[in-house]
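First the structure, in the form of structure tokens, and then the observations on it.
Naming: A, B, ... by sequence-line order, numbering from 1 per chain.
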Amino acid sequence: MAIKYELIKTCKQSGARLGRLHTPHGVIETPIFMPVGTQATVKSMTPEELKDINSQIILSNTYHLYLRPGHKLIEKAGGLHKFMNWDKPILTDSGGFQVFSLGPLRKISEEGVEFRSHLDGSKHFISPEKAVEIQNSLGSDIMMAFDECAPYPADHDYVKKSLERTTRWAKRCKDAHENTDKQALFGIIQGGMYKDLREQSAKEIIDLDFPGYSVGGLSVGEPKDLMYEVLEYTTPLMPKDKPRYLMGVGSPDDLIEGVIRGIDMFDCVLPSRIGRNGTAMTSQGKVVIKNAKHKESFEPLDPECDCYTCKNYSRSYLRHLFKANEILGLRLLTNHNLYFLLNLMKEVRQAIMDDRLLDYRKEFFLKYGYEL
RNA sequence: UCCGGAGUAGCUCAAUGGUGGAGCAUUCGGCUGUUAACCGACAGGUUGGAGGUUCGAGUCCUCUCUCCGGAG
């Protein structure tokens, strides 16, 4: 087996899990946040910088790398790790979400998905088998099954048909995947916002016996309370001895709420994207660095933060960089936001260890400005 | 001094004589398995000034001011 999950303890106060995930490229302490590096790069960050902020694993993308530069090229380069100079674990998303987000450019059938490239309009076809083949070429530590992410809202009938197809596709992915000792393939539970469908999907996917499971189809525009509710009845259905991954979630409150509901892994573009767009996550809440009120603020972005950005630069300077459209500004904010979430998860792990995650949530929310 | 050109939003510029717009800048908002250094909103005007022609003038006419270019 490529990976092994070790449950260290559960928080007595919240039930959250503290664990370790052993992978071919090292051990990951969970719960963990995974920075997103869609095109074989976490935008604006070097691998060295990612290590400096304690990134343990990053995510990359099948769809994007298949289109450009091509998975065969990456295979020829010696695999994704070597190609991008990252020797720690990598998880690759299957392209299922791109199917969801490509909208009118794609056509879904039982066989797979036909779509037009967003780059040049060329026609392509990705099947479950193809998604596995691509990810085998990339050589990621954790591969994701090719799924269909249903939109929100979607009616019961549509979601049921969609999740059943996701199950059939998951089976095909598993059958196509042979490199099981070097790469782990995770199954994805769908089912939208319907309890009976989540139960059905969980049963079908777990019956296929994957080394890890993710919850997909959340964080697609539904209210937060609804997402938490779905998690509350979905994670208890998942095996305790396997990692649980909530796909696409990454706001600070969602991470904490997800961990409390039994999630071990998260990924999200939010910190890197809003960082590039000029918003920082700080212990005191959100900071939009371009706002005029920071013009003469010579204080750090977050006085409680120990990241490179906060230790060396003022809000005034960061604002200047953004106003002047200087590339360093978005690099520094990306660096800070990723550090902030990685550090948040570190504190969450400590709080689980100390059996006080609910207390921690309360303290964090109060400072950040979230309502409990 | 003469000749020519130009004066419209903070800037660069649109607008048959018929409801003065855009891009950028400003201010603010959004972003959740990246089609995203992106997207959106608010605000911003006595069209250099004064007359005139006209039902109606940014647009045509007269005078005037400023700037640019050329000549002297």
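- Ion pair A:Lys346/A:Glu29 not flagged as a salt bridge, since none of the NZ, NE, NH1 or NH2 atoms sits closer than 4.0 Å to an Asp/Glu carboxylate oxygen.
- Contact annotation: A:Gln98 does not reach the phosphate of B:G33 (side-chain N/O to OP1 or OP2, under 4.0 Å).
- Proximity of A:Arg319 to the phosphate of B:U27: a side-chain N or O atom is located under 4.0 Å from OP1 or OP2.
- Between A:Tyr245 atom OH and B:U32 atom C1' the separation is 12 Å, expressed in whole Å.
- Under the Watson-Crick and G-U wobble criteria, each requiring two contacts below 3.5 Å, nucleotide B:C63 is paired to B:G49.
- Across all strands, A:Gly250 comes closer than 4.0 Å to base atoms (heavy-atom distances).
- Counting to the nearest Å, the P atom of B:G33 and the CD atom of A:Glu148 are 18 Å from each other.
- Comparing B:C28, B:U34, B:U32 by their nearest atom to the side chain of A:Ser251 picks out B:U32.
- Residue A:Ser219 places none of its side-chain N or O atoms closer than 4.0 Å to OP1 or OP2 of B:U32.
- Listed for the A:Thr235 side chain is a donor-acceptor partner under 3.5 Å among the backbone atoms of A:Arg261.
- Comparing the C1' positions of B:U32 and B:G20 gives an interatomic distance of 42 Å, to the nearest angstrom.
- A:Lys182 places no side-chain N or O within 3.5 Å of a backbone atom of A:Gly139 that could act as its donor or acceptor partner.
- In this structure, A:His118 has its ring center under 6.0 Å from that of A:His64.
- As judged by a 4.0 angstrom heavy-atom cut-off over every strand, A:Glu326 is placed among residues making no nucleic acid contact.
- Here the C1' atom of nucleotide B:G30 and the CD1 atom of A:Ile274 are 10 Å apart, to the nearest Å.
- Look at CE on A:Met34: it is 11 Å from P on B:G33, rounded to the nearest Å.
- Between the side chain of A:Ser272 and the base of B:U34, at least one donor-acceptor pair of N or O atoms lies under 3.5 Å.
- Regarding contacts with the backbone of B:G30, a side-chain N or O of A:Lys286 is found under 4.0 angstrom from either OP1 or OP2.
- Across all strands shown, B:U1 is found opposite B:A71 as a Watson-Crick or G-U wobble partner, with both distances under 3.5 Å.
- Residue A:Lys323 has its side chain nearest to B:U26 when only B:U34, B:U26, B:U35 are considered.
- Comparing the C1' positions of B:G58 and B:G18 gives a spacing of 13 Å, expressed to the nearest Å.
- Between the C1' atom of B:U26 and the CZ atom of A:Phe322 lies a distance of 18 Å, rounded to the nearest Å.
- Between the side chains of A:Gln190 and A:Asp147, a donor-acceptor pair is found at a separation under 3.5 Å.
- Note: CE (A:Met281) to C1' (B:C31) measures 10 Å, nearest angstrom.
- When the P atom is compared between B:C24 and B:G70, the two are found 34 Å apart, to the nearest whole Å.
- Applying the 3.5 Å distance criterion, the base of B:G33 shares no donor-acceptor pair with the side chain of A:Asn61.
- Residue contacts shown for A:Leu218 are absent, as no nucleic acid heavy atom lies under 4.0 Å away.
- For A:Asn291, whose side chain is taken as the heavy atoms from C-beta onward, the closest listed nucleotide among B:U34, B:C28, B:U35 is B:C28.
- No contact: A:Ser44 has no heavy atom under 4.0 Å from any strand.
- The ring of A:His124 has its center closer than 6.0 angstrom to the ring center of A:Tyr66.
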For every nucleotide of nucleotides 36-41 of chain B, 5' to 3': is a protein heavy atom under 4.0 Å from its base (B), only from its sugar-phosphate (S), or from neither (-)?
-> BBB---
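- A salt bridge is absent between A:Glu229 and A:Lys195: the closest approach of a Lys/Arg side-chain nitrogen to an acidic carboxylate oxygen does not fall below 4.0 angstrom.
- For the pair A:Ser316 (side chain) and A:Glu296 (backbone), a donor-acceptor distance under 3.5 Å is absent.
- Nucleotides B:U27 and B:U59 place their C1' atoms 34 Å apart, quoted to the nearest Å.
- Distance check on atom P: B:A9 versus B:G44 gives 14 Å, rounded to whole Å.
- As rounded to the nearest Å, B:U26 and B:U12 have C1' atoms that lie 16 Å from one another.
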Side chain to side chain contact (heavy atoms under 4.5 Å, CB included) evaluation trace for A:Val348 with A:Leu255 = CA-CA 9 Å; A:Val348 163; A:Leu255 292 179; over 6 Å; no
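- Within the nucleic acid shown, A:Leu246 has no heavy atom closer than 4.0 Å to any nucleic acid atom.
- The P atoms of B:A57 and B:U19 are separated by 12 Å, rounded to the nearest whole Å.
- Between A:Phe115 and A:Tyr63, the ring centre distance stays below 6.0 Å.
- As rounded to whole Å, 8 Å separates atom P of B:G33 from atom CG of A:Leu270.
- Remark: C1' of B:U32 and NZ of A:Lys224 are 8 Å apart, rounded to the nearest angstrom.
- When the C1' atom is used for both B:G17 and B:G56, the distance is 8 Å, rounded to whole Å.
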